[in-house]
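Notes follow the structure.
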There are 2 protein chains.
Amino acid sequence: MSTASDEKAGPVTGPTAGRPARGRPARYTKDGLLELVVKVFNERGYEAASMEDLAKASGFTKSTFYHHVSGKEELLRMAVDRALDALSAALDDTMAHRDQPVEQLETAIRRTTEVLLAELPYVTLLLRVRGNTTIEKDALARRRAIDARLAALVAAAVDAGQIRGDIDPRLVSRLLFGMVNSVTEWYRPGSRSTSQSAIVNATVNLAMEGLGARRAPESAR
Amino acid sequence: MSTASDEKAGPVTGPTAGRPARGRPARYTKDGLLELVVKVFNERGYEAASMEDLAKASGFTKSTFYHHVSGKEELLRMAVDRALDALSAALDDTMAHRDQPVEQLETAIRRTTEVLLAELPYVTLLLRVRGNTTIEKDALARRRAIDARLAALVAAAVDAGQIRGDIDPRLVSRLLFGMVNSVTEWYRPGSRSTSQSAIVNATVNLAMEGLGARRAPESAR
DNA sequence: GTCTATATGTTGATAGAC
DNA sequence: GTCTATCAACATATAGAC
């Protein structure tokens with residue numbers, strides 16, 4: 001549960017085979033069970049998803065389900081931590097290369113979008129967290145830290161004169177990564193009409209160049 | 001409750017004065033009460049907000065509150081309809097002017113952002129609807145219709161050769177209006193640091209021109 | 001119009017037999 | 001490890017006294 005990609009082992013990722021037989025109904029890896037739980041969280045909403053929903057989706061009874069997991073909040077924590085770890089790692093990696101600020105910014109947009117697509121259910125859940133419990137507030141704090149690093153990247157590129165400086169860098173950062181994050185609202189894996197690489201390239205290109213319209217000199221209104 | 005802006009009458013928009021007195025505790029216009037309800041929905045989440053929460057926030061007991069409103073779902077319907085009516089009206093207005101496609105698109109981005117800021121709580125609630133009940137499914141259907149009209153505006157501008165055509169128009173539309181909608185995630189009214197007009201201009205300018213970086217000719221990866 | 005009291009169902013979580 | 005049975009708390013919603 002510590003990092004994003006460590007599978008426990010073996011070929012088992014879902015129910016062992018077909019029907020959950022009685023007596024020995026289903027078997028999951030930790031990650032396999034988490035994946036299923038997050039799917040239900042995203043479909044029904046975290047609050048609205050009951051432990052009975054989760055148990056039924058896994059093929060366990062509610063009580064057996066409790067034997068495998070510690071509680072609803074802990075499931076949420078594992079899920080959002082996975083998203084936050086992946087996003088942080090991508091950003092660490094981006095800033096490890098001492099490129100030009102504008103190149104770092106472009107890489108950050110690209111890598112963030114890639115992580116979002118690779119860890120879609122976990123990031124989706126993370127972005128819907130609104131922060132009542134301690135776990136949610138911790139997740140929001142980690143998110144804010146990431147947002148601050150992204151905003152700093154924008155500011156650095158402005159200071160270097162490599163991108164436009166007529167908009168507040170924090171506002172630019174919010175809008176740009178708001179665009180990136182909005183992908184969770186509609187993308188569904190396996191969509192034949194829109195490949196992941198097309199989404200990544202579109203996000204980067206729209207961020208850097210916009211619609212590319214020739215515009216009349218704008219002023220008031 | 002039919003349209004977005006019709007106040008019932010009079011100066012009353014919140015509790016009449018100070019403490020809700022016993023026997024005649026509070027008085028709201030329909031819109032005033034809805035505004036308060038939507039505030040609680042957005043703070044706690046629609047599902048998580050109980051009718052008792054809403055009643056307490058209004059100064060009524062739960063039972064009295066039920067005397068004024070018909071139920072939780074109907075409150076949701078009124079709120080999301082208000083957002084949808086406002087967005088539809090802005091789009092109707094935009095397309096009524098027979099400007100160039102690229103101008104219509106720019107106006108749509110501007111007007112949509114303005115509506116989002118003017119009706120922030122209602123649009124925020126609308127954007128969080130995930131669709132289990134009939135009311136939610138109806139709201140999502142109306143949203144999809146609006147999204148389709150926006151995507152058509154993008155496609156028309158591409159066809160007219162006025163904006164870039166190297167990205168699927170539907171993808172462009174999703175990303176651009178995903179950026180616009182992301183404003184609900186962070187904007188709080190009364191923010192002195194970021195005026196509404198600054199947000200609107202930033203949204204339009206970023207959409208049209210992007211970061212304005214001079215980029216190396218891109219290809220692979 | 002507002003209240004107290006309650007009907008009816010669901011929630012997250014546990015106890016204990018097998 | 002899985003089950004049945006059960007818990008206290010809380011949900012939406014209503015009935016009826018005042």
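Per chain, numbering begins at 1; letters A, B, ... match sequence-line order.
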Practice task
Quickly work out the E52(A) CD to dG9(C) P distance and round it to whole Å.
Solution key: 16 Å
Problem - Separation of dT12(D) C1' from L75(B) CG (nearest whole Å) - result: 13 Å
Problem - Nearest-Å distance for atom pair CD/C1', residues E74(B) and dT12(D) - result: 15 Å
Exercise for the section: For A49(A), report the nucleic acid contact type (base, sugar-phosphate, nothing); a contact means any heavy atom under 4.0 Å. Expected result: sugar-phosphate
Handout entry: Under-4.0 Å side-chain N/O to phosphate OP1/OP2 contact, H67(A) with dC3(D)
Key = no
Practice task
Return the value, rounded to whole Å, for the distance between atom CZ of F65(A) and atom C1' of dT4(D).
Solution key: 19 Å
Practice task
Check the distance between dT12(D)'s P and L76(B)'s CG and give it to me in whole angstrom.
Solution key: 13 Å
Exercise for the section: Please determine if E43(B) and K39(B) form a salt bridge, counting it only when a charged side-chain N lies under 4.0 Å from a carboxylate O. Expected result: yes
Exercise for the section: Nearest whole angstrom, please: distance from the C1' of dT4(C) to the NZ of K62(B). Expected result: 12 Å
Practice task
Would you mind reading off the distance between F60(B) atom CZ and dT4(C) atom P, rounded to a whole angstrom?
Solution key: 14 Å
Handout entry: R130(A) bridged to E185(B) by N-O distance under 4.0 Å
Key = yes
Handout entry: Out of dG1(D), dT12(D), dA13(C), whichever nucleotide has its closest atom nearest the side chain of S50(B)
Key = dT12(D)
Problem - pair L34(B)-K30(B): side-chain heavy atoms closer than 4.5 Å - result: no
Problem - N/O donor-acceptor pair, side chain T64(A) with base dC3(D), under 3.5 angstrom - result: no
Exercise for the section: Measure from CZ on R44(B) to P on dA11(D) and round the result to the nearest Å. Expected result: 10 Å
Practice task
Report the C-alpha distance between R142(B) and D81(B) in whole Å, list the side-chain angles of each, state the deciding distance to 0.1 Å, and finish with yes or no for salt bridge (Lys or Arg N to Asp or Glu O under 4.0 Å).
Solution key: CA-CA 9 Å; R142(B) 287 192 65 186; D81(B) 275 354; 3.5 Å; yes
Problem - Test: R170(B) and D147(B) ion pair at under 4.0 Å - result: no
Handout entry: Residue mapping more 5' on DNA chain D - nearest nucleotide basis, S63(B) or Y66(B)
Key = Y66(B)
Practice task
Report yes if a side-chain nitrogen or oxygen of T61(B) is closer than 4.0 Å to either non-bridging phosphate oxygen (OP1 or OP2) of dT2(C); otherwise report no.
Solution key: no
